[in-house]
Amino acid sequence: MTQPNRLNQGGRLDRSRRLSFTFNGQQYTGFAGDTLASALLANGVDIVNRSFKYSRPRGITAAGPEEPNAIMQLGASEAAQVPNVRATQQALYDGLVARSTNGWPSVQRDVMSWVGRLGGHLMPPGFYYKTFMAPASMWMTYEKWIRKGAGLGRSPAEADPDIYDHLNQHCDVLVIGAGPAGLTAALSAARAGARVILCDEQEEMGGSLLDSRESIDDAPAAAWAEQTVAELAGMDNVTLLPRTTANGYHDHNFVTLHERRTEHLADTAAAAGRDGEVRSRLHRVRAERVVLASGSHERPLVYANNDVPGNMVAGAISVYLRRYGVAPGQKLVLSTNNDHAYRAALDWKEAGREVVAVVDSRANPDGDLVKQVRDSGIRVVTGSAVMEASGSQRVTGARVVAIDTERFVVTGKVETLACDTIASSGGYSPVVHLASHTGKRPQWRDDLLGFVPGEVKSMHFAGGVQGVYALGETLADGGRAGAEAARAAGFAQAEAITLPSVEARHESPASALYQVPHEKTTLRAPKQFVDLQNDVTAAAVELATREGFESIEHVKRYTALGFGTDQGKLGNINGMAIAARCLHRAIPDVGTTVFRPNYTPVSFGAIVGRHCGELFDPERYTALHQWHVENGAEFEDVGQWKRPWYYPRKTGGKTESLHDAVARECLAVREKVGILDASTLGKIDIQGPDAREFLGRVYTNKWAKLAPGRVRYGLMCKDDGMLMDDGTTSCLGDNHFLMTTTTGGAATVLEWLELWHQTEWPELQVYFNSVTDHWATMTVTGPEARKLMSEVTDIDLDREQFKFMDWKQGNVAGVPARVFRISFTGELAFEINVQANYALHVWKTLFAHGEKYELTPYGTETMHVLRAEKGLIIAGQDTDGSVTPEDLGMHWAVGYDKPFSWIGKRALTRPDTARTDRKQLVGLKPKDPKVVLEEGAQIVLDPAEAIPMTMMGHVTSSYYSPVLKSGFALAVLKGGRDRMGETVYLPMADGTTHEAEVVSTVFVDPKGERQNV
Amino acid sequence: MFYIFCPYCDERREEEEFHPSGQAHLVRPTDPESVSDEAWGDYLFFRDNPRGIHHEMWVHRLGCRKFFNITRDTTTYEILETYPMGEQPTITAETARVRREQGVQTADGGWQTVGAQPENSTLNEETSS
């Protein structure tokens, strides 16, 4: 394949390495060093996409991240699909596969283009909202088709094969941008000894130096850049990150950098021959100081048909010619309001192509570059601008006219110049994005015709980002900023490097020109695009101002100006200028735009890093986890813990259902003996002379007289009197207690204890430590529990010697253990605590002896049924932060007469917490025993009442009881304790209504005899 | 993301290690039974929400587990000082107002001033304006 637009020489390419690639199914070739964009231009590909709204053909406009049109879908395989990559930022590699994100069935023949041809008059701003408004229910359907038509790229349908990393970095000075200012800044800081990170989004560091016509120390500017990068690369205190975009600037100098490590080589790391390596990284940089040297983006002028392929930004012409050896056309017309753009004409001519004319909006430009252009014989038309481009698939001519920018009118006759390329330059917009990420508004500078960054603490600005454009001044500004940053970071001796010599150039000032006046009014002229990516025209902005949108933020939202992946890089200032003109205001008076992260799109892979799959969220396992797995347990997530939910039996190829397994496990506990892995219960070791006093202040009940060897159930409230957590606490010694918490509440309770100790009662001598993981807990419970235990322990299990709510130290299965006689099932129960690494041995020993008692492992579901049958609550399930101990009927556990005003006590006498019609915990027995009420179901007293019905409470726990052979539930019900025996109703969403009787919360063994056998 | 100086660990650590714990310097009535319902309700439920300088309690949850106080500007997110439990802030809305009225130009000492040294502290001019 030939590359018709490739120059015979020049460019920073390796012409010995020919690379082939595919674009929209067609095979092309380029060279190593190309971007996808430069390779497409070299191959003469004019149309790279269809526009978002009007489906107009679009070509490559720019050469960097500001490119609005050449948005690609990359990836040879389904799993490697990446949407919305700018062709200007994608290095070419052999085998690259790219498609336009828009255009169906192809960019050449687009079925949506009739919409665009019917014209903008049919599609004003707000078109979709206005047209597809009714019926509202159809919007989702409309949107699907609009999106398909608009084409915004697509996500891969298969899993990403690559891995991504996060890297935490610290440095003294982070320099963002490795153009002239960034390089002198980095060198100045680095030579002073500061740890420097220098990042740049491009393939090669050097920025504008790589396509500059100027000389530094009498050598090409690019040579100085290479030499400086080489010096930095040789310094131990410098980290160079090419292909790395600083995408977000966050509080306290936290900057996120997106480093692409293999994307320039292939579409996956494996395909790049780097199997197992990281595809891209997110650097999380905490910098003492940041130097922002992000430069500027050139603004195109807004004129009629300025979107036809062949219309480009002037600076991009120079970049393609000088850096990539590509001339994107034959005959050029340049339209400008400033001197700097003239270099495009010189570069074009030197490439052997024809410059038809330079059209300058100024009356008397006289800068050095202007003179150079005139001296080379190029025609310069002053006081004029390109008003309209001719052509549809490619520019065929430029319609040039004299203009009066003050009055916004054309003043002469239109002259049509035949050409295939129109370059335009409306000046430069500093890339202020990162400086505004934390909310600082950019400031308008009339002398620069652009916004510069507002003051940001700990951020220094260098070069183009603050409107310093001349090469010599830029280098000096970078040196100053780098030295300042290093000094502020503690390197007092830091100084700007001695600057290389650069010839100063005389430049004539730019004039303000954004939209070029047309012989017709803006609304009647052919489309003049402001935002190419979002198809926003000057007419749309004008119409928005007429419809009453006065702030640029509102104009943006109405027209979509600056939306999408583009974020207004090319169009924002032009849009604001047009709005300002229509509203007869100055540009800063229509508002400024604050940018948000990210500066350019970041792949989800990089954002996620290693936090996916197994590492998405940590899982906690008990010491017995493997046994549960081997014995077929189904697991339930409780906080981060994996707990056995139930143990289905497999017989004859059939797996027991949850219902059957739970019924079997329940009956085993009630009739024989069961065992539960309760290791996840939170355990807090509390020590100190004031431990007892402290317990008395954080629990509602009394602790003064709890003797060593005894256990007590405690309720913990917040200071608003609402139950927060519950559990048992055992007295291990006079100054030593072991507190248990709910599985989910362990960390919260520990922090709660610390909070009160550290902030309210630091005078109390008491210390807290989490010992949850140190002890494994096994609950042996059921009528046969004592017999089983007696076979494995030396502890005296006599019911008079080892009473309910006692604990004893001894050996179980030959290892030291603490055994607690507490019961969460209502049956005789022993909770065995052993060092976690002995747990499996003890567990297995119990099973070895338990076979004759039909020892049955049970899971959390059975635990719930058993505890609910006894009316035992679960904090967080039967309570929700609005339930007091009194509401739960636990008056017996509230010590009102304790001397210290414990947490929650005062609040329990507030009028609201003392109301008698509060929701109270009750039992519910469905009239139909087959019914298991839904947890969360609302309770009403009158099922015939019109909706909205008076809601009296709701179900908090509900199960089927194999013992009762009936469903049963716990619920909170207004004034519930006075409604015993009443019938309540539970209307369901499907129209049925359940009836239930209000009963006691204790369904099994109301006298509590079974736990004391 | 904040970069927080823990006065107990004596170093700056990432925000991920910390957890905010609400307004600092709340005083629990020493004799709760003697205060009115209204006063108790104020203590329980009512918190300041200032624009500008705010004193907050944070806990170094994944570090030393200690609670401490932060003086933070809620408009700029700047942390002006961190100090241990039991100590009082040296920078308050009042001192900031005085400094602003006296036109004190503050030295640029970085985005965070560690410890309680008002002379070197950095108050943003937008503070509580």
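Please read all numbers here as calculations on a predicted model, not as lab measurements. To find a chain, count down the sequence lines: A is the first, B the second, and so on, and within it residues start at 1.
- By the 4.0 Å N-to-carboxylate-O rule, B:Arg65 lies close enough to A:Glu754 to be salt-bridged with it.
- Note that the OG1 atom of A:Thr759 and the CZ atom of B:Phe68 stand 14.0 Å from one another [nearest 0.5 Å].
- More than 12 non-hydrogen atoms from other residues, nucleotides or ligands lie less than 6.0 angstrom from NZ of A:Lys898.
- Both the backbone and the side chain of A:Pro911 come within contact range of chain B, with heavy atoms under 4.5 Å apart.
- Residue B:Tyr3 comes nearest to A:His170 through the heavy atom pair OH-CE1, 3.2 Å, listed as atom of the first residue, atom of the second, then distance.
- Inter-residue side-chain proximity for B:Phe67 and A:Glu751 is flagged as met; some heavy-atom pair is nearer than 4.5 Å.
- Counting heavy atoms of neighbouring residues, nucleotides and ligands inside a 6.0 Å radius, atom CZ of A:Phe616 does not exceed 12 of them.
- In summary, B:Arg12 and A:Glu288 engage in a salt bridge, as defined by a charged side-chain N under 4.0 Å from a carboxylate O.
- When the shell of 6.0 Å around CD of B:Glu11 is examined, it contains more than 12 heavy atoms from other residues, nucleotides or ligands.
- Proximity to chain B is limited to the side chain of A:Leu750, based on heavy atoms less than 4.5 angstrom apart.
- A:Ala489 does not touch chain B: none of its heavy atoms, backbone or side chain, sits under 4.5 Å away.
- For A:Arg910 against B:Trp40, the heavy-atom pair with the smallest separation is CD-CD1, 3.9 Å.
- With a 4.5 Å cut-off on non-hydrogen atoms, B:Ser34 does not touch chain A at all.
- Taking the charged nitrogens against the carboxylate oxygens, B:Glu16 and A:Arg284 do have a contact shorter than 4.0 Å, which makes a salt bridge.
- Using a 4.0 Å cut-off between charged nitrogen and carboxylate oxygen, B:Glu33 and A:Arg906 do not count as a salt-bridge pair.
- Using a 4.5 Å cut-off between heavy atoms, A:Gln758 contacts chain B through both its backbone and its side chain.
- Contacts of A:His757 with chain B are absent, with no heavy-atom separation under 4.5 Å from either backbone or side chain.
- Heavy-atom pairs under 4.5 Å with chain A peak, among B:Met85, B:Glu14, B:Met57, at B:Glu14.
- Annotation: B:Asn49, atom CG; neighbour count of heavy atoms from other residues, nucleotides and ligands within 6.0 Å does not exceed 12.
- Counting non-hydrogen atoms of neighbouring residues, nucleotides and ligands closer than 6.0 angstrom, the CD atom of B:Glu38 reaches no more than 12 such neighbours.
- Heavy atoms of A:Trp756 lying under 4.5 Å from chain B belong exclusively to its side chain.
- Between chain A and the options B:Asp37, B:Leu26, B:Val59, heavy-atom pairs under 4.5 Å are most frequent for B:Asp37.
- Of all heavy-atom pairs between A:Trp761 and B:Arg28, the closest is CZ2-NH1, 4.4 Å.
- Atom OH of A:Tyr896 has more than 12 heavy atoms from other residues, nucleotides or ligands within 6.0 Å.
- Taking each heavy atom of B:Thr76 and A:Asp251 in turn, the nearest pair found is O-OD1, 4.3 Å.
- Heavy atoms from other residues, nucleotides or ligands lying under 6.0 Å from CZ of A:Arg596 number 12 at most.
- A distance-only check finds no donor-acceptor pair linking the side chain of A:His252 to the backbone of B:Ile4 [under 3.5 Å].
- For B:Tyr77, the OH atom is loosely surrounded, since the number of other residues' heavy atoms within 6.0 Å does not exceed 12.
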